[in-house]
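To keep things clear, I will list the structure first and then write my remarks on it.
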Amino acid sequence: RHLQRRCGVLIGDVVGLGKTMIATALVKLLDEDQGADTLVICPKNLKPMWESYLSRFRVRGAEVLSLSQVTAKKGGLPRERRFSVVLIDESHNLRNRERKDYKAIREYITENESRCILLSATPYNKSLADLSNQLRLFLPDTADLGVRPERALRDGALGSYTGSPRSLAAFEHGQNLDDWRDLLRLFMVRRTRSFIKENYAGIDEDDGRPYLVLGDGHRSYFPDRTPHTFSMPTQRRAAPLT
């Protein structure tokens, strides 16, 4: 739905919930239903994994490019071929829009009007600019988002900003976390382990342990997390040199 309505989605599920599988299923559906070709851009160490997944699930017309290849003198982005979908794994690596690879990828997405799938368990690191720069990969500067930073407008936080109040720039000026939560509901899907447990888990009738039923009917139980205190050994100070 996000891809169809807004041309981009940020899948921000926490580590271990299967973002790679979800994204592979998504590009497989786009391939079968719309004949969409997908370009996967990922860190170099993840390239073999993505090639394996795309081959295993027979995703046609897909190509995998490492982030380091994007601006390489040989190879680089396939300018002669239009990929209608660009999938970026570990998209938080592109939170700085001054990087050469960021500029090249954004230019490619804009020129080809590609839909964009971003994957990151840590989309927000140091500042809200981390989020806005990732969204800017597929959102034009003048895009009408359909929502405004209402709290920032109410509090006068936009100051001398004179642009459209329904743009990404308005949210960047406002810097209100609640406004950003409203905005991200339009573009991000993020689930946690507790959400999965509360909404999808069954409860063992004998011991009350929560579990998920896998495709083969096997029950996979959620592990119990028990904190423990460990004391660090006292280090002896080295004798001063004489």
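One-based numbering along the sequence shown. What you are looking at is a predicted structure, and each value in this text was computed from that prediction instead of being measured.
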Donor-acceptor pair, [X] side chain versus [Y] backbone, under 3.5 Å?
X    : Y    : value
T24  : T20  : yes
K28  : F57  : yes
S52  : P48  : no
Y221 : D224 : no

Between [Y] and [X], is there a salt bridge with N-O shorter than 4.0 Å?
X    : Y    : answer
E172 : R136 : yes
K19  : D13  : no
D204 : R219 : yes
R82  : D37  : no
E107 : K103 : no
D31  : R60  : yes

Enter the distance from [X]:[atom1] to [Y]:[atom2] here, rounded to the nearest 0.5 Å.
X    : Y    : atom1 : atom2 : value
R191 : N199 : CZ    : CG    : 10.5 Å
L131 : W180 : CG    : CH2   : 6.0 Å
F171 : L145 : CZ    : CG    : 6.0 Å
S91  : L67  : OG    : CG    : 10.5 Å
R115 : C7   : CZ    : SG    : 7.5 Å
L118 : M188 : CG    : CE    : 11.0 Å

Can you list the steps and then say if Q69 with K47 is a side chain to side chain donor-acceptor pair (under 3.5 Å)? CA-CA 11 Å; Q69 289 178 293; K47 186 177 178 181; 3.1 Å; yes

Might you work through the salt bridge (charged side-chain N to carboxylate O under 4.0 Å, His left out) test for R154 and E150, ending with a clear yes or no? CA-CA 6 Å; R154 182 191 60 211; E150 299 294 345; over 6 Å; no

Pick out which of I109, L3, T38, V40 makes a side-chain contact (heavy atoms from CB on, under 4.5 Å) with V85.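 Passing option: T38.
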
side-chain contact (heavy atoms from CB on, under 4.5 Å), paired with L119, selected from I11, V9, I22: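 Result for side-chain contact (heavy atoms from CB on, under 4.5 Å) with L119: I11.
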
Would you call the rings of F83 and Y108 parallel, tilted or perpendicular, taking 30° and 60° as the class edges?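 Rings of F83 and Y108: tilted, 30 to 60°.
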
Beyond-backbone contact of [X] with [Y], side-chain heavy atoms, under 4.5 angstrom:
X    : Y    : result
P123 : H92  : no
R193 : I196 : no
N176 : P149 : no
L26  : I117 : yes

Show the nearest heavy-atom pair for residues V70 and A104, with the distance to one decimal.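 Scanning both residues completely, I find the closest heavy atoms to be CG1-CB, 3.9 Å.
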
Does one side chain, of Y102 or T71, offer a donor that lies under 3.5 Å from an acceptor on the other?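 Absent: no donor and acceptor within the cut-off.
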
Are a donor atom and an acceptor atom from the side chains of R97 and N133 found within less than 3.5 Å of each other?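 Yes, a side-chain donor-acceptor pair sits under 3.5 Å.
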
Begin from the C-alpha positions of D101 and I41 and carry the test side-chain contact (heavy atoms from CB on, under 4.5 Å) through to its verdict. CA-CA 11 Å; D101 50 5; I41 301 174; over 6 Å; no

Go through Q4 and H2 one step at a time and tell me if the side chain to side chain donor-acceptor pair (under 3.5 Å) criterion holds. CA-CA 6 Å; Q4 298 288 27; H2 290 327; over 6 Å; no

Are I105 and L137 close enough, and set up right, to give a side-chain contact (heavy atoms from CB on, under 4.5 Å), and what steps lead you there? CA-CA 7 Å; I105 293 170; L137 286 166; 4.3 Å; yes

